[in-house]
S.K.: 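Please find one structure pasted underneath; my questions will follow.
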Protein chains: 2
Amino acid sequence: MSTATQRAGQESGPWVDHALEQLSEAGYRRGGSRTRVVEMLGEQDCAITPLELDDRLDGVGRATVYRAIEQLEELGLVQRIDLGGDSAAYEKVDPRGHHHHHLVCNRCGRVIPFEDEDLEKAIHSLSTRDGFSIQSHEITLRGICADCS
Amino acid sequence: MSTATQRAGQESGPWVDHALEQLSEAGYRRGGSRTRVVEMLGEQDCAITPLELDDRLDGVGRATVYRAIEQLEELGLVQRIDLGGDSAAYEKVDPRGHHHHHLVCNRCGRVIPFEDEDLEKAIHSLSTRDGFSIQSHEITLRGICADCS
DNA sequence: TGAATAAATAAGAATGATTCTCATTTTATC
DNA sequence: GATAAAATGAGAATCATTCTTATTTATTCA
């Protein structure tokens, strides 16, 4: 049960620290519940829905989860990801720019994260379009996963 | 009022015909309301939400709009697009593969469609990942539009 | 052409995610 | 420690989406 939490020094720590610091700088006071939301988001390797977060955080109100996500999104610390389900999901944004995108299986709904350097390059090479300054991007590929085909 | 409908021979026609044909081949009977939904989708140059469709189609029940979209999506004739609002939007899928992606302004919410050949190439060059066969893709860029900056 | 059959539909109820409200608890400041 | 303002939990309210059901309409076939 604690295996996932204990996987050798990963990246959740740094992001959590960074996020809490940014919240503080933005003028938000410390809040126990919000901190727990941030920590839980920091533990995830991929996107998670607000309701899942609420489920896993006993004693934290649902409204607080939604509020925390809203503030984090406002500061660019999490990114909303549409995976096609009933609700949106959110994922931490690495301050160093390292990130992944998603493959979604149209049959079983499975979500598989992937990275691709060429794709990132293609995105970055169009960083301005029609005077539009790009801050973030989201790519979702849909199809049939190996298990389903 | 009829200007939009009358804009010189565009692409709505072909898509509408194709969609109605596909629905028919899939075993669906003709339905006046569904046909109106298909025609309205065919007129759009970009994504539209189910509720907007329902608003514009007097006499067509909301459930019918949702059902039609569901069937069209099932057949790959429309694609769901997440533009960050309260509801998802849908857009016709060109049978010839021609399509665009979206820039969304984080400040005013404006949605600007764009096309980029290099990006398409980068996507196509990874058409199989981990045994995953890709059927469609969606790219959304977020930032600040020219008017807002 | 005129039943018979089953799909399509409209209207509104039901559901479920998200947002809002407000009384209470914490945090930061002094 | 006392005060002012933000953070929070609980539950109500809202809004998109789905479901239900009675009715209408499309197709089939005599």
Side-chain angles (χ1 to χ4, degrees), chain A residues 16 19-41 47-75 77-91 109 111, chain B residues 16 19-41 47-75 77-91 109 111:
Chain A
V16 171
L20 292 175
E21 194 181 309
Q22 292 288 305
L23 283 166
S24 182
E25 278 182 25
Y28 292 107
R29 292 186 180 176
R30 290 177 66 189
S33 292
R34 179 165 50 220
T35 299
R36 290 181 63 199
V37 171
V38 171
E39 287 169 344
M40 181 65 80
L41 277 164
I48 184 172
T49 66
L51 291 180
E52 276 166 28
L53 280 171
D54 184 52
D55 269 354
R56 300 194 198 170
L57 292 169
D58 288 334
V60 174
R62 193 170 296 181
T64 299
V65 171
Y66 278 101
R67 246 179 320 226
I69 288 174
E70 185 183 8
Q71 296 161 345
L72 290 166
E73 190 180 20
E74 185 73 27
L75 295 172
L77 295 164
V78 297
Q79 181 175 15
R80 173 192 164 122
I81 306 285
D82 173 48
L83 297 173
D86 300 321
S87 58
Y90 293 85
E91 187 167 86
V111 175
Chain B
V16 170
L20 292 175
E21 193 180 310
Q22 291 288 304
L23 283 166
S24 181
E25 278 182 25
Y28 292 107
R29 291 187 182 175
R30 287 176 70 189
S33 292
R34 179 166 50 222
T35 299
R36 289 181 63 198
V37 171
V38 171
E39 287 169 344
M40 181 66 78
L41 278 165
I48 184 172
T49 66
L51 291 182
E52 277 165 27
L53 280 172
D54 183 50
D55 270 355
R56 301 193 198 171
L57 293 169
D58 287 334
V60 174
R62 193 169 296 181
T64 299
V65 171
Y66 278 100
R67 231 176 291 130
I69 288 174
E70 185 183 9
Q71 296 161 345
L72 290 167
E73 189 179 21
E74 185 73 27
L75 295 174
L77 295 164
V78 298
Q79 181 175 14
R80 172 192 166 123
I81 307 285
D82 174 49
L83 297 173
D86 299 323
S87 58
Y90 293 83
E91 190 168 84
V111 175

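Values below: all heavy atoms of this structure, side chains included; hydrogens, waters and symmetry mates excluded. The structure presented is a predicted model; accordingly, all values stated were derived computationally and were not measured. Protein chains get the first letters and strands the later ones, always in sequence-line order, with residue 1 at the start of each.
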S.K.: If you compare all heavy atoms of A/Leu75 against all heavy atoms of A/Gln22, which two are closest, and at what distance to 0.1 Å?
M.R.: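 Residues A/Leu75 and A/Gln22, closest heavy atoms: CD1-O, 4.1 Å.
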S.K.: Grab the OH-C1' distance between A/Tyr28 and C/dA28 for me, whole Å please.
M.R.: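 To the nearest whole Å, that distance equals 17 Å.
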S.K.: For the side chain of A/Arg67, counting heavy atoms from C-beta on, which of C/dT21, D/dT17, C/dT18 is nearest?
M.R.: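 Of the candidates, C/dT21 comes closest.
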S.K.: With heavy atoms under 4.0 Å as the rule, sort A/Arg62 into base, sugar-phosphate or nothing.
M.R.: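 Touches a base.
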S.K.: Figure out the CG/C1' separation between A/Asp54 and C/dT19, and round it to whole Å.
M.R.: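 Result: 14 Å.
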S.K.: Distance check needed: D/dT17 C1' versus B/Leu53 CG, whole Å only.
M.R.: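 Taking atom C1' of D/dT17 as the reference, CG of B/Leu53 is at 14 Å.
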S.K.: Nearest whole angstrom, please: distance from the C1' of C/dA10 to the CG of B/Asp55.
M.R.: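 Going from B/Asp55 (CG) to C/dA10 (C1'), I get 16 Å.
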S.K.: Mind calculating the distance between CG (A/Asp82) and C1' (C/dT18) to the nearest angstrom?
M.R.: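 Atom-to-atom, A/Asp82 to C/dT18, this comes out as 15 Å.
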S.K.: Does B/Arg30 place a side-chain N or O at less than 4.0 Å from the phosphate oxygens OP1/OP2 of D/dA26?
M.R.: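 Result: no.
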S.K.: If you assign B/Leu51 and A/Arg34 each to the DNA chain D nucleotide with the nearest heavy atom, which residue ends up on the more 5' nucleotide?
M.R.: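 Here A/Arg34 is the residue nearer the 5' end.
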S.K.: Quick check on side-chain contact (heavy atoms from CB on, under 4.5 Å): which of A/Leu41, A/Ile69, A/Ile81, A/Val78 does A/Ile48 satisfy it with?
M.R.: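 Single pass found, and it is A/Leu41.
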S.K.: How far apart are the closest heavy atoms of B/Val37 and B/Ala68, and which atoms are they?
M.R.: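 Closest approach of B/Val37 to B/Ala68, heavy atoms only: CG1-CB, 3.9 Å.
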S.K.: For B/Pro50 and B/Val65, work out which heavy atoms get closest and say how close.
M.R.: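 Shortest heavy-atom separation between B/Pro50 and B/Val65 comes out as O-CG1, 3.6 Å.
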S.K.: Side-chain N or O of B/Tyr66 less than 4.0 angstrom from OP1 or OP2 on D/dT17?
M.R.: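 It does, given that an N or O in the side chain of B/Tyr66 lies less than 4.0 Å from OP1 or OP2 of D/dT17.
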S.K.: Which listed nucleotide (C/dT18, C/dA10, D/dT17) is nearest to the side chain of B/Val60?
M.R.: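 It is C/dA10.
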S.K.: Whole angstroms only, please: what is the CG-C1' distance between A/Leu57 and D/dG9?
M.R.: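 So the two atoms are 14 Å apart, to the nearest Å.
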S.K.: To the nearest Å, give me how far apart CD (A/Gln71) and C1' (D/dA6) are.
M.R.: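 Those two atoms, CD and C1', are 10 Å apart.
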S.K.: Does B/Ser33 put a side-chain nitrogen or oxygen below 4.0 Å from OP1 or OP2 of C/dA10?
M.R.: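 It does, given that an N or O in the side chain of B/Ser33 lies less than 4.0 Å from OP1 or OP2 of C/dA10.
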S.K.: Starting at the 5' end of DNA chain D and moving along, which residue's nearest nucleotide shows up first, B/Asp86 or A/Gly61?
M.R.: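 Taking each residue's closest nucleotide, the earlier one in sequence belongs to A/Gly61.
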S.K.: Expressed as a whole number of angstroms, how long is the span from A/Glu70:CD to D/dT8:C1'?
M.R.: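 That distance rounds to 15 Å.
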S.K.: Remember a base hit wins even if backbone is also touched, and classify B/Ala63 as base, sugar-phosphate or nothing at under 4.0 Å, heavy atoms.
M.R.: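 Answer is base: heavy atoms of B/Ala63 come under 4.0 Å of a base.
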S.K.: Taking atom types as they are modelled, would you say the side chain of B/Arg29 forms a donor-acceptor pair with the base of D/dA26 within the 3.5 Å cutoff?
M.R.: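 Indeed, a donor on one side and an acceptor on the other fall under 3.5 Å apart.
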S.K.: Show the numbers, then the answer: is there a side chain to side chain contact (heavy atoms under 4.5 Å, CB included) between B/Glu21 and B/Glu25?
M.R.: CA-CA 6 Å; B/Glu21 193 180 310; B/Glu25 278 182 25; 3.7 Å; yes
